[in-house]
Number of protein chains: 2
Amino acid sequence: MHPMTRWLDDDEQRTWRNFVAATQLLYAALDRQLQRDSGLPHTYYVILVGLSEAPERRMRMSELATWAQSSQSRLSHAVARLEERGWVRRERCPEDGRGNFAVLTDEGFTALAAAAPGHVEEVRRSLFDVLDPEQIRALDDICATVRARLER
Amino acid sequence: MHPMTRWLDDDEQRTWRNFVAATQLLYAALDRQLQRDSGLPHTYYVILVGLSEAPERRMRMSELATWAQSSQSRLSHAVARLEERGWVRRERCPEDGRGNFAVLTDEGFTALAAAAPGHVEEVRRSLFDVLDPEQIRALDDICATVRARLER
DNA sequence: GCATTTTACTTGAACTCTCATATACATTGG
DNA sequence: CCAATGTATATGAGAGTTCAAGTAAAATGC
């Protein structure tokens, strides 16, 4: 396929390993905190956030999947779980018989409101508090670039 | 507990969401590539890399777990799977009856060697190729800082 | 020297994620 | 209008991760 691999040089390798280590530690810390304090994995938390910001706290399943960067299957399973806990409810879409809305319930909103402060604190402790303003700007820039590249 | 939550301001929120989006897209791309081309999740790949770099391609389980930033349980399950595929073998530790070595087999080394080029290409495509040298330096710095913060 | 604690690792169950497939409705082309 | 295709979502099985125990061997302490 490719004639030769462009291997990572030492600097690149160090950067890559720092990246993997930092991101994995960060997500591990986030997941531990959320799980401990609210019984939610981060992906589920993101789903609730998406719904909470949507008009009438409701979104079509596929729209929500896109928003949360989730596969439809993953979202479907996740919403099923959240529905069991009474935090989300499904509603058939009147305009499109195939469609479903996911609706954040009041209990779900309350749960999210309870989970948010601890989560934000963890994000600060783990990321923003250890970086200076310049680094934060640089990080935003880098992430926006990578994101744009990978979103298509 | 805490008197008031220090919420994220708009800039911080944008940065955080870019960070989550970028990292998740990146890991999704990596995992897809590795799974498709070698049937390995990224975490398993990392384990093989760790072993391949260790003296005699062997490491104590706990040492390997630390290296790969894995829980012992996760590593134990992972090595069990890799053992089934014949890519890793366990050996009792003579000095410590509780201990085990994970040893990379020749088949495992071959599999890793086959997986590496595609993986490195994906890392380049998704990350290094879209950033300029200054950004890469900044990213290294940021990740090293966050990593140090979260490693203790 | 033996009971206690600690360390190294494994195991099983519960949960999440992925992938392939299924279902049901919508749209399109003739 | 209806067959074919496409779209929105659900479901089930398989695989990975986590968490809580469990086992077995070492270290500790009196």
Side-chain angles (χ1 to χ4, degrees), chain A residues 23-25 27-48 58-85 87-103, chain B residues 23-25 27-48 58-85 87-103:
Chain A
T23 51
Q24 288 188 166
L25 286 165
Y27 280 114
L30 282 182
D31 266 330
R32 260 198 313 280
Q33 183 278 320
L34 274 173
Q35 194 68 49
R36 174 167 38 76
D37 295 354
S38 343
L40 279 171
H42 183 241
T43 38
Y44 285 31
Y45 180 86
V46 168
I47 289 167
L48 297 184
R58 64 173 55 229
M59 231 189 275
R60 286 288 293 271
M61 290 296 282
S62 40
E63 199 189 347
L64 183 53
T66 303
W67 194 90
Q69 300 202 132
S70 165
S71 68
Q72 296 212 136
S73 170
R74 175 158 106 197
L75 179 67
S76 193
H77 285 294
V79 167
R81 296 313 171 111
L82 291 168
E83 207 168 14
E84 288 168 12
R85 297 185 215 184
W87 292 355
V88 171
R89 157 173 47 89
R90 272 185 247 238
E91 262 179 40
R92 288 222 134 279
C93 174
E95 293 90 38
D96 188 336
R98 301 162 297 182
N100 262 336
F101 284 98
V103 188
Chain B
T23 51
Q24 289 188 166
L25 286 165
Y27 281 114
L30 282 181
D31 266 329
R32 259 196 314 279
Q33 184 277 321
L34 274 173
Q35 194 68 49
R36 174 166 40 75
D37 296 354
S38 343
L40 279 171
H42 183 240
T43 39
Y44 285 33
Y45 180 85
V46 168
I47 289 168
L48 297 184
R58 63 172 56 229
M59 231 188 276
R60 286 287 294 271
M61 290 295 282
S62 40
E63 198 189 347
L64 183 53
T66 304
W67 193 89
Q69 299 201 132
S70 165
S71 68
Q72 292 210 138
S73 170
R74 174 157 106 196
L75 179 67
S76 195
H77 285 295
V79 167
R81 297 312 171 105
L82 290 169
E83 208 169 13
E84 287 168 12
R85 297 185 214 183
W87 292 356
V88 171
R89 158 173 46 89
R90 272 185 250 239
E91 263 179 40
R92 285 223 138 280
C93 174
E95 295 89 39
D96 188 334
R98 301 164 295 182
N100 261 335
F101 284 99
V103 188

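Each chain gets a letter, A, B and so on, in the order its sequence line appears, and its residues count up from 1.
Take A:Glu63 and apply the side chain to side chain contact (heavy atoms under 4.5 Å, CB included) test, not counting sequence neighbours, and it matches A:Met59, A:Arg60. Taking B:Thr66 as the reference, nothing meets the side chain to side chain contact (heavy atoms under 4.5 Å, CB included) condition, with sequence neighbours excluded. In this structure B:Thr23 satisfies the side chain to side chain donor-acceptor pair (under 3.5 Å) test together with A:Tyr27, sequence neighbours excluded.
Contact footprint of chain A on DNA chain D: nucleotides with an atom under 4.0 Å from a non-hydrogen protein atom, first to last in 5' to 3' order, D:dG6 to D:dG12.
Note: CD (B:Glu91) to C1' (C:dT10) measures 18 Å, nearest angstrom. Here the C1' atom of nucleotide C:dT27 and the CZ atom of A:Arg98 are 8 Å apart, to the nearest Å. The CZ-C1' distance, from B:Arg92 to C:dC9, rounds to 9 Å in whole Å.
Going from atom CG of B:Leu82 over to atom CD1 of B:Ile47 covers 6.0 Å, rounded to the nearest 0.5 Å. Rounding to the nearest 0.5 angstrom, the gap separating the CZ atom in A:Arg58 from the SG atom in A:Cys93 is 9.5 Å.
Residue B:Ser70 comes nearest to B:Leu75 through the heavy atom pair OG-N, 3.3 Å, listed as atom of the first residue, atom of the second, then distance. Considering all non-hydrogen atoms of both residues, B:Ser71 and B:Ala65 come closest at O-CB, 4.3 Å. The heavy-atom pair separating A:Pro41 from A:Gly39 by the smallest distance is CD-O, 4.1 Å.
Heavy atoms of A:Arg90 sit under 4.0 angstrom from primed sugar atoms or phosphate atoms, though from no base atom. Counting non-hydrogen atoms under 4.0 angstrom, B:Asp31 reaches nothing in the nucleic acid.
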Expected string for nucleotides 15-20 of chain C under the B/S/- scheme (protein heavy atoms, under 4.0 Å, primed atoms plus P, OP1, OP2 as sugar-phosphate) is -BSBBB

Please table the atom pairs, donor to acceptor, closer than 3.5 Å between any side-chain atom in residues 94-102 of chain A and protein atoms at least two apart or in another chain.
from	atom 1	to	atom 2	distance (Å)
A:Asp96	OD1	A:Arg98	N	3.0
A:Asp96	OD1	A:Arg98	NE	3.0
A:Asp96	OD2	A:Arg98	NH2	2.8

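Listed pair B:Asn100 / C:dT10 meets the phosphate criterion, a side-chain N or O lying under 4.0 Å from OP1 or OP2.
Applying the salt bridge (Lys or Arg N to Asp or Glu O under 4.0 Å) test to every pair with at least one member in residues 30-41 of chain B, sequence neighbours left out, gives no pairs at all. Applying the salt bridge (Lys or Arg N to Asp or Glu O under 4.0 Å) definition to pairs two or more places apart or across chains, those involving residues 75-85 of chain B are B:Glu83-B:Arg90.
A heavy-atom distance below 4.0 Å to DNA chain C is reached by these residues of residues 58-67 of chain B, ordered by number: B:Arg60, B:Met61, B:Ser62.
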